[in-house]
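Have a look at the structure below before the remarks.
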Amino acid sequence: MSSRPAACTGEKPTLPKPRFHTHIWVCFTIQSWLLDVGRPVIMLLLPADWFPLNRPGAAEFLHLIYNISTPLLLLKLLERSSRTLPLLAVHLCIIAVVMGTSIHLVADSITQRLQLISFQLHLSVKDNPIMMDLKLVSLIDAFELLCYYDDTLGHFLWYVPLFLVLLFFFSGCFHHRKQEAVFPTAAWMLLAPSAAHYWYLITEGQTFILFVFTFFAMMATVMHQRRQGFVPDNNGLFLFYSFSAALVLVVLWVIGLWNDNVLRKKHPGVIYIPQPRVVFNLHHLQHRQT
């Protein structure tokens, strides 16, 4: 009797419970904190001037490992998607992530060397005192090109495909309402560090618009799937909760620095989200001067 199918015995077929990819999310969170968020900490503990200035420092080696580990983890994450994703789009996104992180590695490494000669991150290139002392004014354009590769092109090629990959994966994280799923303890434990990492991506990478569009796309996907009788599984809820908590952290960050006139000059646009590294360098510089 136990070998007969459920249709013959009159029992309802049991739907498989959706799994939470604990090992993938743990590896993704740990490598993000160690290799991405941990780079500014390593810069403080092991400054660049401790190493030959014409060779990579400790922070650059962490960035190099991040450029390898992140695309690999994204591919492993997409392999576990229940939805068949377009291979061309996936391959282009992974290639763009590698290219963007590589550009950012080179440009950020040179920017760190410039800080050793009093380059101030909270000022624009033309407003920096060391640029005013240059005899060749055309060199300012070269340094502005460097900052463009660091803060604009590198971040664009890095974060746009990264959020697209997360959105692709989220689109396959749905199951039927009848499938029982309890949000696991491991997901609750990873929620805070995951949200804090997305907060770092938004503030340091200046990706607020991209983040908001991705978050709205997630909400639209949830509403569309609900009309068809599907709800997010544990992996989808983990992503959605992480994005929601990160948005709250960004709002609190902006409110806390709302009245900073120096940072207002650095970010003169409508969207005012100061970068953590700029805030630290600014207040650390003021503390040293006092």
Side-chain angles (χ1 to χ4, degrees), residues 17-33 36-37 70 73-74 77-78 80-83 93 97 155 158-177 179-258 267 270-276 279:
K17 295 182 179 180
R19 293 178 54 190
F20 182 71
H21 308 310
T22 306
H23 59 294
I24 296 294
W25 291 119
V26 168
C27 293
F28 188 78
T29 304
I30 291 177
Q31 70 96 30
S32 298
W33 273 91
D36 190 13
V37 186
T70 300
L73 287 174
L74 291 177
L77 190 65
L78 291 176
R80 284 154 179 80
S81 176
S82 59
R83 178 188 177 190
C93 286
V97 168
H155 286 179
W158 178 357
Y159 293 122
V160 170
L162 175 63
F163 282 105
L164 277 178
V165 168
L166 294 177
L167 184 59
F168 286 159
F169 176 76
F170 181 79
S171 64
C173 295
F174 289 87
H175 62 82
H176 199 271
R177 296 177 186 271
Q179 292 176 269
E180 298 180 358
V182 179
F183 203 62
T185 305
W188 287 116
M189 296 175 62
L190 290 173
L191 187 59
S194 178
H197 175 246
Y198 290 126
W199 164 85
Y200 180 80
L201 293 183
I202 299 168
T203 54
E204 186 64 33
Q206 296 293 289
T207 59
F208 178 75
I209 297 178
L210 176 62
F211 173 83
V212 168
F213 273 108
T214 306
F215 188 58
F216 284 165
M218 287 183 176
M219 294 177 63
T221 305
V222 170
M223 291 185 293
H224 174 71
Q225 293 288 345
R226 279 185 178 275
R227 286 194 293 266
Q228 297 183 357
F230 294 92
V231 293
D233 62 7
N234 292 331
N235 298 283
L237 288 177
F238 176 73
L239 265 179
F240 192 80
Y241 290 164
S242 298
F243 273 54
S244 302
L247 188 59
V248 174
L249 293 177
V250 171
V251 172
L252 296 176
W253 172 259
V254 172
I255 293 175
L257 299 170
W258 187 260
H267 305 279
V270 178
I271 300 177
Y272 169 70
I273 301 178
Q275 295 174 289
V279 174

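All residue numbers in this chain count up from 1 along the given sequence.
Taking every heavy atom of both residues into account, Leu201 and Thr207 meet most closely at O-OG1, 3.0 Å. Here the shortest heavy-atom pairing between Val97 and Pro161 reads CG2-CG, 3.6 Å. When all heavy atoms are compared, the tightest approach of Arg83 to Gly172 is CB-CA, 3.8 Å. Taking every heavy atom of both residues into account, Val165 and Cys93 meet most closely at CG2-CB, 3.7 Å. Contact record, Thr203 with Pro274: CB-O, 3.8 Å, taken as the closest heavy-atom pair. Smallest separation of non-hydrogen atoms from Pro232 and Val222: CG-CG2, 4.0 Å.
Applying the ring-ring contact (aromatic ring centres under 6.0 Å, His included) test between Trp199 and each of Phe208, Phe243, Trp253 identifies Trp253 as the sole match. Paired with Ile271 under the rule side-chain contact (heavy atoms from CB on, under 4.5 Å), one option of Ile209, Val254, Val212 passes, and it is Ile209.
If you take OG1 on Thr214 and CG on Leu167, they are separated by 6.0 Å, rounding to the nearest 0.5 Å. With values rounded to the nearest 0.5 angstrom, Leu78 atom CG is found 8.0 Å from Phe169 atom CZ. Atoms CG and CZ, on Leu237 and Phe20 in that order, are 10.0 Å from each other to the nearest 0.5 Å. Rounded to the nearest 0.5 angstrom, Asp36 CG and His197 NE2 are separated by 4.5 Å. The CG atom of Leu164 lies 7.5 Å from the CG atom of Leu210; values are rounded to the nearest 0.5 Å. Ser244 OG to Leu249 CG: the interatomic distance, rounded to the nearest 0.5 Å, is 11.0 Å.
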Subject >> Chi angles and distances behind the side chain to side chain contact (heavy atoms under 4.5 Å, CB included) call for Phe28, Ser194 >> reply: CA-CA 9 Å; Phe28 188 78; Ser194 178; over 6 Å; no

**OP:** Kindly determine whether Val231 and Gln225 satisfy side chain to side chain contact (heavy atoms under 4.5 Å, CB included), including the steps that lead there.
**Re:** CA-CA 6 Å; Val231 293; Gln225 293 288 345; over 6 Å; no

Subject >> Worked verdict on Leu191 versus Ser242 for side chain to side chain contact (heavy atoms under 4.5 Å, CB included) >> reply: CA-CA 6 Å; Leu191 187 59; Ser242 298; 3.4 Å; yes

Original post:
Please walk me through it: do Trp258 and Tyr272 pass side chain to side chain contact (heavy atoms under 4.5 Å, CB included)?
Top reply: CA-CA 8 Å; Trp258 187 260; Tyr272 169 70; 4.0 Å; yes

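Between Ser81 and Phe168 there is no side-chain heavy-atom pair separated by less than 4.5 Å. Taking the side chain as every heavy atom from C-beta outward, Phe240 and Phe215 approach each other to under 4.5 Å. Here the side chains of Leu77 and Trp25 are in contact, with some heavy-atom distance below 4.5 Å.
If you look at Phe230 and His176, their ring centroids are closer than 6.0 Å. Ring to ring, Phe211 and Tyr198 are not that close: their centroids are 6.0 angstrom or more apart. Aromatic pair Phe183/Phe238: ring centres not closer than 6.0 Å.
Using the six-membered ring where Trp is involved, Phe170 and Phe174 have ring planes that are perpendicular, over 60° apart on the 30 and 60° scheme.
Side chain of Gln275 to main chain of Gln206: no donor-acceptor pair is present (N/O by atom type, distance under 3.5 Å, no hydrogens or angles).
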